[in-house]
Amino acid sequence: GGQRHSIQLLDVSAGGAKLDCAAKLPVGTAVMLDCGGLARAATIRWHNGRVMGVKFDEELDERVVSALADRSCALAALMKTRE
């Protein structure tokens, strides 16, 4: 629907990702995951409270997966130092 929601990337693989997001989006919703220069179309496959899983429309290259995981870990560490 053109809305933007903040997420935290909890886990990522070539085929999809696990996200923490306050938005309540139904299973089957098409979304665009935009993580620092990477935009990837995906579909919500499951959710449990704030945690949801998405499946990418096209698999990610393993180098991209590694870079996203590194970026997510760095951001999580930065957030903890600010608490």
Side-chain angles (χ1 to χ4, degrees):
Q3 298 176 348
R4 294 184 65 89
H5 303 284
S6 294
I7 61 109
Q8 181 179 4
L9 184 62
L10 301 174
D11 192 14
V12 63
S13 69
K18 182 166 67 169
L19 315 171
D20 180 350
C21 179
K24 304 283 188 208
L25 302 172
V27 171
T29 301
V31 296
M32 181 66 67
L33 184 63
D34 184 357
C35 295
L38 171 76
R40 184 66 63 172
T43 303
I44 297 174
R45 293 296 190 198
W46 60 269
H47 58 79
N48 184 8
R50 290 179 52 104
V51 179
M52 66 179 65
V54 298
K55 181 180 183 302
F56 298 130
D57 292 355
E58 295 180 25
E59 286 199 0
L60 299 177
D61 180 274
E62 287 301 322
R63 292 172 294 195
V64 173
V65 172
S66 180
L68 285 172
D70 291 346
R71 182 175 183 267
S72 182
C73 288
L75 287 172
L78 178 64
M79 290 172 69
K80 282 190 178 199
T81 62
R82 292 183 177 179
E83 291 178 350

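If you take SG on Cys21 and CG on Leu9, they are separated by 12.0 Å, rounding to the nearest 0.5 Å. Here the straight-line distance linking atom CG of Asp20 with atom OG of Ser6 works out to 10.5 Å at 0.5 Å rounding. With rounding to the nearest 0.5 angstrom, the CZ atom of Arg45 is 13.0 Å from the NE2 atom of His47. Taking CG of Asp57 as the reference point, atom CE of Met32 lies at 8.0 Å (rounded to 0.5 Å).
Shortest non-hydrogen contact noted between Trp46 and Val27 is CA-CG2, 3.9 Å. Between Phe56 and Ser13 the shortest heavy-atom distance is CE1-O, 3.5 Å. Across all their heavy atoms, Ala23 and His5 have their closest contact at CB-ND1, 3.4 Å.
Between Arg4 and Asp34 the shortest side-chain heavy-atom distance falls below 4.5 Å. A 4.5 Å side-chain heavy-atom check between Asp70 and Cys73 finds every atom pair outside the cut-off. Taking 4.5 Å as the limit, some side-chain heavy atom of Arg40 sits within range of a side-chain heavy atom of Leu60.
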Passes side-chain contact (heavy atoms from CB on, under 4.5 Å), Val54 versus Thr43? Steps please.
CA-CA 5 Å; Val54 298; Thr43 303; over 6 Å; no

Checking side-chain contact (heavy atoms from CB on, under 4.5 Å) for the pair Leu10/Leu19: CA distance, chi angles, key distance, verdict?
CA-CA 5 Å; Leu10 301 174; Leu19 315 171; 5.9 Å; no

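Partners of Asp11 according to the side chain to side chain contact (heavy atoms under 4.5 Å, CB included) rule, which considers only residues two or more places apart in sequence or in another chain, are Lys18. Every residue two or more places apart in sequence or in another chain that forms a side chain to side chain contact (heavy atoms under 4.5 Å, CB included) with Glu62 is listed here: Ala14, Val65.
Within 6.0 Å of CG on Asn48 lie no more than 12 heavy atoms contributed by other residues, nucleotides or ligands.
For Thr29 (side chain) and Pro26 (main-chain N/O), a donor-acceptor pair under 3.5 Å exists by modelled atom type.
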